[in-house]
Asker: 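First the structure, then my questions, so here it is.
Fair warning: this is a prediction, and the values are worked out from it, not measured in the lab. Atoms within a ligand are numbered from 1 in the order they appear, just like the ligands themselves.
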Amino acid sequence: MASEALPTLRHSNTPLFLFSDYHMHPQGHRVQRYTQELLQPWADSAARLGLRDIAFTDHDRYHAGIDFDEINRLREQNSALQIRAGIELDNDPVHSPAGRKWIEKNWDKLDFVLGSVHFLERADQMFDSVPDGAGQFEHRNIDEMYADYFRRVRQLIASGLIDAVAHLDLIKIHGHRPTANIGTFVDETLELISARNLAIELSTAGWRKPVNELYPSDPIIESAIKKEIPFTTASDAHSHVQLGENFARLTDKMAEIGIRRVCIFEKHKGVQVPLQL
Ligand SMILES: [Zn+2]
Ligand SMILES: [Zn+2]
């Protein structure tokens, strides 16, 4: 890394420097056509934070807003920043079939596809909407819901078309904890991730949700390290001011747990890059 990197994201006690954010939503939660006006504030925030590599990953249901020419224009205007064209592929029973078709059609223009499970039994509400989604957990067997969630994650992985899995244990978002040991199906999921050569993200979004915990939890991260699964770093920002949120805290966590590299993607090819300056 070049030495002019800003210190904002570097924890004072570690020599690690996080330079990439691979999960963000310029469109927020509606279709907003990509324009320089919409995208430039994201590049500005990235520059301010010292981020060198970012991926736009709007939800597949808003694919109509994505414009690759505008991304190219933004690249020309911000040549110090790597800007990856990406998308977050949901398991949305209503919209994601069309999203998948769009991804297949635009595969060669995309650098990065995140896979996410946001839907359980209800097709009309993401279980991770806060606070309403918590209603889906009322009077339910939480162990079964965890098993169901991870089964859906494996289905999504097996269906192909993704480069990394987002917020791997999102099911904990509202703070519901399993009583049974979830190790077996987490392990099965990680095995599949490893077999498919996918990455998983370390997402600071969990720290701003009711669970107040990094996605995924430490035991999952430790198992992933043993299986040599690469990690991306992610804020899941829905506004450019959320970009790189809590990355200093994430740096601390990564140093503590022994992660020294992050994975970046260009045209779906992942490369692990050392975090040392
Ligand atoms: Zn998501
Ligand atoms: Zn997201």
Side-chain angles (χ1 to χ4, degrees), residues 20-32 34 38-39 42 45-46 51 54-66 83-96 99-100 102-103 110-120 122-134 136 149-150 152-157 159 161-174 189 193 198-211 213-217 220 231-247 250 265:
S20 57
D21 190 336
Y22 267 49
H23 192 155
M24 66 194 69
H25 297 275
Q27 299 186 74
H29 276 297
R30 64 197 162 101
V31 173
Q32 297 189 74
Y34 278 14
L38 182 77
L39 300 179
W42 293 78
S45 285
L51 292 173
I54 62 172
F56 294 139
T57 55
D58 273 306
H59 291 285
D60 68 74
R61 76 183 73 92
Y62 308 127
H63 66 79
I66 298 170
I83 301 168
R84 315 297 185 181
I87 193 162
E88 180 174 5
L89 175 62
D90 277 319
N91 70 326
D92 180 338
V94 178
H95 299 98
S96 292
R100 299 183 65 82
W102 184 90
I103 291 169
L110 288 161
D111 293 298
F112 183 61
V113 181
L114 270 177
S116 298
V117 169
H118 294 122
F119 292 85
L120 296 173
R122 276 184 65 167
D124 61 333
Q125 185 192 60
M126 293 162 84
F127 75 81
D128 61 314
S129 51
V130 177
D132 296 357
Q136 294 187 35
Y149 169 80
F150 280 100
R152 288 171 194 265
V153 172
R154 289 194 298 277
Q155 264 175 4
L156 181 73
I157 296 166
S159 70
L161 283 190
I162 66 172
D163 300 305
V165 181
H167 40 61
L168 184 59
D169 59 352
L170 184 66
I171 188 74
K172 72 184 177 186
I173 183 168
H174 303 290
T189 309
I193 288 169
L198 306 183
I200 62 177
E201 65 173 22
L202 301 172
S203 169
T204 61
W207 277 322
R208 61 174 184 264
K209 303 294 183 177
V211 69
E213 195 178 281
L214 185 74
Y215 302 128
S217 62
I220 298 179
F231 299 96
T232 62
T233 46
S235 66
D236 206 345
H238 281 67
S239 151
H240 63 88
V241 297
Q242 267 177 347
L243 206 63
E245 189 178 69
N246 277 318
F247 268 26
L250 178 58
F265 284 84

Asker: If the condition is salt bridge (charged side-chain N to carboxylate O under 4.0 Å, His left out), which residues does D58 pass it with, not counting sequence neighbours?
Answerer: none
Asker: Suppose we screen for side chain to side chain donor-acceptor pair (under 3.5 Å). Which residues come up paired with Q155, at least two apart in sequence or across chains?
Answerer: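 For Q155, no residue satisfies side chain to side chain donor-acceptor pair (under 3.5 Å) once neighbours in sequence are set aside.
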Asker: Once the angle between the rings of F265 and F112 is folded into 0 to 90°, is it parallel (under 30°), tilted (30 to 60°) or perpendicular (over 60°)?
Answerer: tilted
Asker: By residue and atom, what protein N/O/S atoms are less than 2.8 Å from the Zn ion (ligand 1)?
Answerer: E88 OE2, H118 NE2, H167 NE2
Asker: Assess H25: does it contribute an N, O or S atom lying under 2.8 Å from the Zn ion (ligand 2)?
Answerer: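 Checking H25: at least one N, O or S atom is under 2.8 Å.
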Asker: Report the C-alpha separation of D60 and R100 in whole Å, then their side-chain angles, then the decisive distance to 0.1 Å, and conclude whether the salt bridge (Lys or Arg N to Asp or Glu O under 4.0 Å) test is met.
Answerer: CA-CA 8 Å; D60 68 74; R100 299 183 65 82; over 6 Å; no
Asker: With S129, which residues qualify under side-chain contact (heavy atoms from CB on, under 4.5 Å), at least two apart?
Answerer: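 S129: side-chain contact (heavy atoms from CB on, under 4.5 Å) contacts with Q125, D132.
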Asker: Is a donor on one side and an acceptor on the other found under 3.5 Å between the side chain of T233 and the backbone of S20?
Answerer: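 It does hold such a pair.
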